[in-house]
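So you know, we letter chains A, B, ... as the sequences are listed, proteins then strands, and number each from 1.
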Amino acid sequence: MDVATYKEDIWGREVILGASWDLLWLVVVSAFVVIALHAVILAVRRRAARPSSAGPRVPRHSAVDRIFHWIMAVTVIVLLITGVFPIIGLEFSWLTIHWIAGLVLTASVVFHIVRSLFWQDLKAMWISARDLKEPFDATLKPGKYSVAQKSMHAAVTVLVLLVIGSGLVMFAMIDTPWWERSNSIAESTLGWVFLIHGLSTLALIALIALHIYFGLRPEKLFYTRSMIKGWISKEELEANHDPERWAPGKSS
Amino acid sequence: MNPRLSRRRFLKAVIASSVAAASSAGLAGAYARQAHAQDGVRPAVERLISLNINGRTRRVDVLPQETLAYTLRYKLGLTGTKIGCNRGECGACTLLIDDVPNYSCSTLTHSVKSRSVLTVEGLQSVTGELHPVQQAFVDELAPQCGFCTPGQVMAAVGLLRANPRPTREEARQAMSGNLCRCGAYDHYLNGVMRAAEVSS
Amino acid sequence: MASHDVMPDIELYQPVELSDALDLLERYGDDGWLLGGGQDTYGWLKDRAKHPKAMIDLNGIDSLHGIRELADGLEIGAVTTLVEMIGDPVINRDFGLLSQAAGRVASPQIRNVATLGGNLVQDTRCWYYRRGLSCYRAGGNLCYADSPQGMNREHALFGASRCVAVSPSDTAIALVALEATMVAASLDGERLIPAEKFFAGPDTHITRMTSLDPGEILTAVRVPSKWAGQRFYFEKVADRNVWDFALVSIAAAMAVQGNVINDARFVCGGVACKPHRLRKVERAAVGMTLSEESADTLALLASEGAKPLTYNQFKLPLMENLVRRAVRG
Amino acid sequence: MNDYRYIGKDFVPPDIVGKVTGKAKYAEDFRADGMVFARVYTSPMAHGRVTRIDSSAAAEMDGVIGILTADDLPPVEAPNAPMLTNTPVYVGEPILAVAAIDEKAAEDAIARIRVHIEPLPFAVDPLDSLVEGGPDAREEGNVYVRSREGSGFRSVKWTREQIDEFRAGKEPTGESVDEWSYGDLERGFADATVIIEEPFVTNGYAHMSMEPRTSMAYWENGTCFVYGSAQSQSFMIPGLASMLNVEQKNVILVSEHTGGGFGSKIAAYPMMALPAWFSKKLGRPVQLRITREQEYYVGSARVGFQGWIKVGFAADGRVTATDLFIVEDLGPNATGGDGSSAGDAVSIVYDPESMRYRGVPVLTNTTPRGAQRGPGQNQIAAIMAPIMDKAARELNIDRLEIRKVNAAHNATTVEADQGPITSAYMKEALDMGAKMFNWEAKRDQPRRNGNKVIGVGIGQGYHSAGSDGFDGLVRITPDGKIHLHSGVGNLGTYSYASTTRSAAEVLKCDWNNCVIERGSTAAHLPWSSYQAGSNTTFTHSRANFVAATDAVNKMKEIAATTLGGAVTDYDVADERVFRIGSPTQYMTYAAVAQRAIELGGAYSGQTWPDDIHEITQRAVQNIAGTGLIGVGKDTLRLEGVVPGLAVAFAEIQLDLETGKYDILDYVGIAECGTVVHPQGLAAQMKGGAVWGMGMASLERHVYDPQNGLPANIGYHQCGIPTYLDTPSEIRTGAVDLPDPQSPFGARGIGEPAMGCSVAAMTAAIADALDGHIFSRTPISADMIVNHVNGRPQSFKPLQINNF
């Protein structure tokens, strides 16, 4: 199975056409397998009592961050549906929805970047050497974000930036209310753009599958709640986090 | 494995479960392979066929994709039928299939089994006498370079078989599927009208 | 992009049963190529611009052949030839629009073998696409015709989405005007598709001209009596009067009582990726009397919403004029 | 009317029956034992350099016999076109060839070959190359200059301002490489009452002969047999021999029939020689069938014009001055000439009192150009006609009158050197046409009918139609047969045959006893003119006259020596040489032929005049001793240009709503001296008319400037006129006044027959549109619709290769 598809360009030269969508199989299947394995392992492993969500609460996600997360969630899903379904045979008029959703995503990401650069604590997301020991040492508890969450965030950041970057180039190739398409980019260049867009999309699909899976796992469900309601219980905090490294209220 | 086939199966599978999808990949592949194996069961066209050309039956080994013009020129040595464009855009290869004018460059030989084909070589009488259309074209000096002429002749013969006394305008319409780069249209029409007169 | 012109190796099937044809199509999927008159087939193959593995010749299937009268209108088999339609008394009596359209297709020899089905599903004539360039329509990433210097005199005014190719079919506009229904068969059974929905634009199906799904075969076209014997107008403007495809064409059907238009359908060819219905004109026409004034009023509505390209703006006045002529009759 | 026996009478050309029965063999109808089929790989790139050819996969395929690349062939010096190239200069240029047991195998192989080409800058519009910083079509430059100081490539550039001003319709101020003039131009314009100034464009377009230039060749002990598609016969040999690096005697060209040429098959061309080289490499016969698409690529096309013209008219309509500037769209490897020929045509047809021509032949990466039916003359005819009409309107003169005022006549002096012409009766032609067409009535009829408008136009065509210096050869054998050896090609004009009738006329023999020897240079053919440039009729009536006269003189000598008396006592009639006054004393031609063999020497071709061409000498040598030989070089008087002239009157009905028009009536009048072959002349006049109609509105030459791709690679996109785009009936006539410098008074006509047509069309269109001049060909439906609706045209000013 090729990673990219090729074609003969106008000059009779082989150039990249884009990502090979047969990879979609691989991605979906492997994501499923990983999830299944993880589920099984945790099922056999004896689990500790789950902390109660009752009692005093501490803030975890500010409203702004929650809104951003859900806008991003929705646009990404819309983009995946409008982008991928036509390719796998469900044809409908997708282009306009796709680029509008793309613009919304771009705008919200830009907002998030600016906000996190100037008004938020970048270190909160920084993966330190200590974080890497976390999974192997039960005594070590994470700060606001576990290393898994940080890695997920890092991966999503990279992929979303790639997909947005390549998407914007493609955006220049279509007619919009603001401009007539240029259509003057070389085919060989375009091929790479489509390849990047396609591959990062495929990776995002896998990542999002995992993200949703973990978001729905019973012992992690309170994080999802916190992304909706904004708070976690003191008990959940103490069970999963190191108060030394994350004291809710002080930093957002 | 053909992409859309696999994509469609994939889609159905996803809706069921991705486990099914995983195996359907293999399934589709197997399906396709099996399909080609079946070709033996219900075979495609036989290559060795009989053709009725100019009243004679000819046994020919014909490839499935072969065009009639190709069979005539390259297998039967009937080079009177000319290939001007090989695209149905000029009419030089026109001949009659069951009395109807066709572009032989755009006709599969396998589609004329059990039908009668008439080419320009089949028009002269056994005594070598010219067909009225041929004679009329000579009398009117219709051909110039002559490369489109066999097609023009056959179109005219086809017309006169369907409509022995056409008006000049009817003739013009009927002949309009034949290009003549020399621009001898007027002379060809004179020929058609003359042939119509003498043969009736 | 070497130049070719000899038929490459390809398998040929000549089924006599529709079910066999459907099996073959399912078996070959995208590698199966349905064969009607073949006039839009051999060029693709000879050029090696498309590479199917098998041709499935539908001409031997009797059920796809012929013209049948139905309770409501008539049904035309998909492999009925254009010349049969042109000569058919019923079509000429009730649906002159259709026989006129069929009569303006290509050349006599082509009309002798070309089938209705083939004429409807034929591919676009965009010369860049035909040349074998892998543009959007060929699965590529760009459109050569709508580039800054693209030569797009024959291309679309309406409904373009990335691809600006136009629908070349003369009979298509007539059938959309007559509110025909397409019958599509597949292994899962039969599906009725309204003519207008049958043709697809690049926004949904950029690599196909119709909404036929893979594995489906167009078996027949049903023309309802609704417009039988009404006032029709067909005209095709092309560079040459033989062979050439429409620069702009029009098929109009009008229910006229006294001098008043009670109902009307106006459809243009050569201006969009599918037969282009002039809805504004149709709505405005209802209740109008047949007159030069109405002709002018309606003409002005024809080209609304058009997005001309570099070389095809002449199609706007041409469309308007054809509407004018259609009303004049 | 003359009282000739054959001249001016119709006859059945010997090759016509084969054409209607399909027995006529064209190049691709020949087969040879062990013959293999070749295909060429053509360049996808408008301009590039081949860096690597990966043909290993193809070479191993079943049925593949061999592969030929440019490296297997002798280098060809630019601007001459090579057979195969490693630096393609246009899309479609052949890069390599594959031979296989059948065409499919060859194409399968072609499909497997990967050619890596490094792209180079290209231009499909001369002005894009001419502008400063613009790309040159070839690495050597963008203009090929021929001059006494030495010919060669140059890179000619104009400033952007100069290009913009030219596009804006102003007089070009950029450098021109070709210039001539006569008379006092300034005074001419000063004297003018009306001055008309127009920028103009004539798109080039493909010849697209019905028969693609297929060729088959093999070698037999040092001699190469080529079965090719050729306009000419003997004339092909020198070029072919040099392409094959062999002596002329070692090349035999078989060309019995040719499916059209129109200027594209005048002399030997690369694709004709390619199979010969391939055959040499493979040691077996090779046939290269050229496909329609490839015929577009290598079949050549008309030169396009981007020009500017300024014409001054005196109050009486006389043309006082003409200033003409032409940028030629030359394709990648032509050397120009159309532009200057256009100037010559103007100097003859409108006879300006003063004139200047300036031109730049610019190379572009479009299909190669060559002579096409009236090269130059017919482009300018299309532009001039509406200008003449505009002047007539402004001067309030009848459009027929203004043409008569300037009409060429016997005393007209022409071209740069203002030399003489052999004869010209343009005024008579105009009058005859006006009468047949009923000009006044048609001109004054009501023009408007709803959205339909009537337009009438008059066109004039010219081409030099004859030369001298070629040889004639006749042979009378003891069986009484008269062999007329014709070395001109068989293009479909039948002039190869009609010109031999001038020999029959001189020999006073029965046409049924005449055998025309032709079709293969092995048939002992004399050195003959190319069958082009409307040349054959004049040139070979003369050459055949000379040969037949030589035969008659020899027969008289033989009779005198045999029967006694002086040569002057003898005359010929009824295939006898008889003593004048005593008809019982005679010898039959058969007997004379027998006697000639016995006498030998010049009589039977043992010796020959030393001024005849080596090809004729060889022919005589080979038939020496087989009969009485009449041979000679045409050294008859020829002073001045031989004009072929024609006029056309056209009536069209133009639909203002669709931009389409019907041609209601067309009358074409030939002014080509004595009519030799009435049916043939009518065929030429009508064929020319159809060509003119195609050029006027239909025939396309579209290039994508961004990618250098041509759109019109097939008949469909080329827009060749069909039965339904041309009138059902075309009327023709001929002035039929003899030319003093042709033994039977005949001149050629093929090209003027078209020039007058395209001119009549552009004039009629302008007339229908109240005198609006597009100054461009073709005038397509979309242009008319845009104009009628007051919309700007879509192409930019002077844009070419756009339709």
Side-chain angles (χ1 to χ4, degrees), chain B residues 1-9 28 31-32 34-36 38-39 42-47 62-67 70 74 83 85-91 93-98 100-111 113 151 154-155 158-159 173-179, chain C residues 4-15 17 20 23-33 35 37-47 52-57 59-60 81 83 87 103 106-114 130 139 207-208 213-215 240-244:
Chain B
M1 183 173 67
N2 117 51
R4 175 172 286 149
L5 194 63
S6 61
R7 283 203 300 271
R8 273 161 51 224
R9 304 201 162 283
Y31 183 87
Q34 178 201 13
H36 291 290
Q38 278 176 9
D39 293 359
R42 207 199 305 96
V45 292
E46 284 296 336
R47 277 182 51 166
V62 179
L63 297 171
Q65 75 270 22
E66 212 166 293
T67 62
Y70 191 93
Y74 291 79
I83 295 178
C85 68
N86 212 10
R87 281 288 188 288
E89 295 176 3
C90 79
C93 65
T94 300
L95 43 62
L96 301 189
I97 298 171
D98 293 339
V100 177
N102 275 249
Y103 294 142
S104 58
C105 74
S106 303
T107 304
L108 289 182
T109 308
H110 278 278
S111 69
K113 291 174 288 193
M154 297 317 290
L159 163 66
Q173 295 289 339
M175 299 290 288
S176 67
N178 294 72
L179 218 53
Chain C
H4 294 279
D5 97 328
V6 173
M7 289 284 282
D9 286 320
I10 180 169
E11 198 49 86
L12 171 66
Y13 293 90
Q14 301 183 305
E17 294 299 331
D20 296 342
D23 286 337
L24 285 161
L25 190 55
E26 178 68 9
R27 184 200 301 178
Y28 279 97
D30 272 6
D31 293 334
W33 184 288
L35 199 58
Q39 303 306 294
D40 189 26
T41 296
Y42 309 127
W44 283 117
L45 303 184
K46 288 170 181 175
D47 283 339
K53 290 194 176 70
M55 289 182 285
I56 304 164
D57 182 353
N59 290 285
T81 63
V83 77
S107 78
Q109 285 93 323
I110 288 176
R111 292 193 291 271
N112 286 338
V113 293
R130 288 263 160 185
T207 60
R208 286 183 286 154
D213 285 329
R240 294 184 305 168
N241 298 324
V242 190
W243 276 294
D244 289 7

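Ser106(B) touches chain C through backbone and side chain together, each having a heavy atom under 4.5 Å away. Only the backbone of Pro8(C) comes within less than 4.5 Å of a heavy atom in chain B; its side chain stays farther off. Heavy-atom distances place no part of Asp213(C) under 4.5 Å from chain B, backbone and side chain included. With a threshold of 4.5 angstrom between heavy atoms, Glu66(B) does not approach chain C through any atom at all. With a 4.5 angstrom heavy-atom cutoff, Ile83(B) does not touch chain C via any of its atoms. The contact between Leu179(B) and chain C is made by backbone and side chain atoms together, counting heavy-atom distances below 4.5 Å. For chain B, no part of Leu45(C) is nearby; none of its heavy atoms comes within less than 4.5 Å.
Among residues two or more places apart in sequence or in another chain, the side-chain contact (heavy atoms from CB on, under 4.5 Å) test is passed with Thr67(B) by Ala69(B), Tyr70(B), Met7(C), Lys46(C). Listed by chain and number, the residues in a side-chain contact (heavy atoms from CB on, under 4.5 Å) with Asn59(C) are Asp57(C), Val79(C), Thr115(C) (sequence neighbours excluded).
The closest donor-acceptor contact from the side chain of Trp243(C) to the backbone of Cys90(B) lies at 3.5 Å or more, if one exists at all.
Pro108(C) approaches Ala174(B) most closely through the heavy-atom pair CG-O, 3.9 Å. When every heavy atom of Ile10(C) is checked against every heavy atom of Pro64(B), the shortest pair comes out as O-CB, 3.4 Å. When all heavy atoms are compared, the tightest approach of Asp5(C) to Asn86(B) is O-ND2, 2.7 Å. Considering every non-hydrogen atom in both Tyr42(C) and Thr107(B), the closest pair reads CE1-N, 4.2 Å.
With contacts defined as side-chain heavy-atom distances shorter than 4.5 Å, the pair Thr94(B)/Gln109(C) qualifies.
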Practice task
Determine, stepwise, if the pair Leu12(C) / Leu108(B) fulfils side-chain contact (heavy atoms from CB on, under 4.5 Å).
Solution key: CA-CA 10 Å; Leu12(C) 171 66; Leu108(B) 289 182; 4.0 Å; yes
Practice task
I would like to know whether Met55(C) and His110(B) meet side-chain contact (heavy atoms from CB on, under 4.5 Å); could you show each step before the answer?
Solution key: CA-CA 12 Å; Met55(C) 289 182 285; His110(B) 278 278; over 6 Å; no
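Of all the listed residues (Gly88(B), Cys105(B), Ala155(B), Pro101(B)), the one sharing the greatest number of non-hydrogen pairs under 4.5 Å with chain C is Pro101(B).
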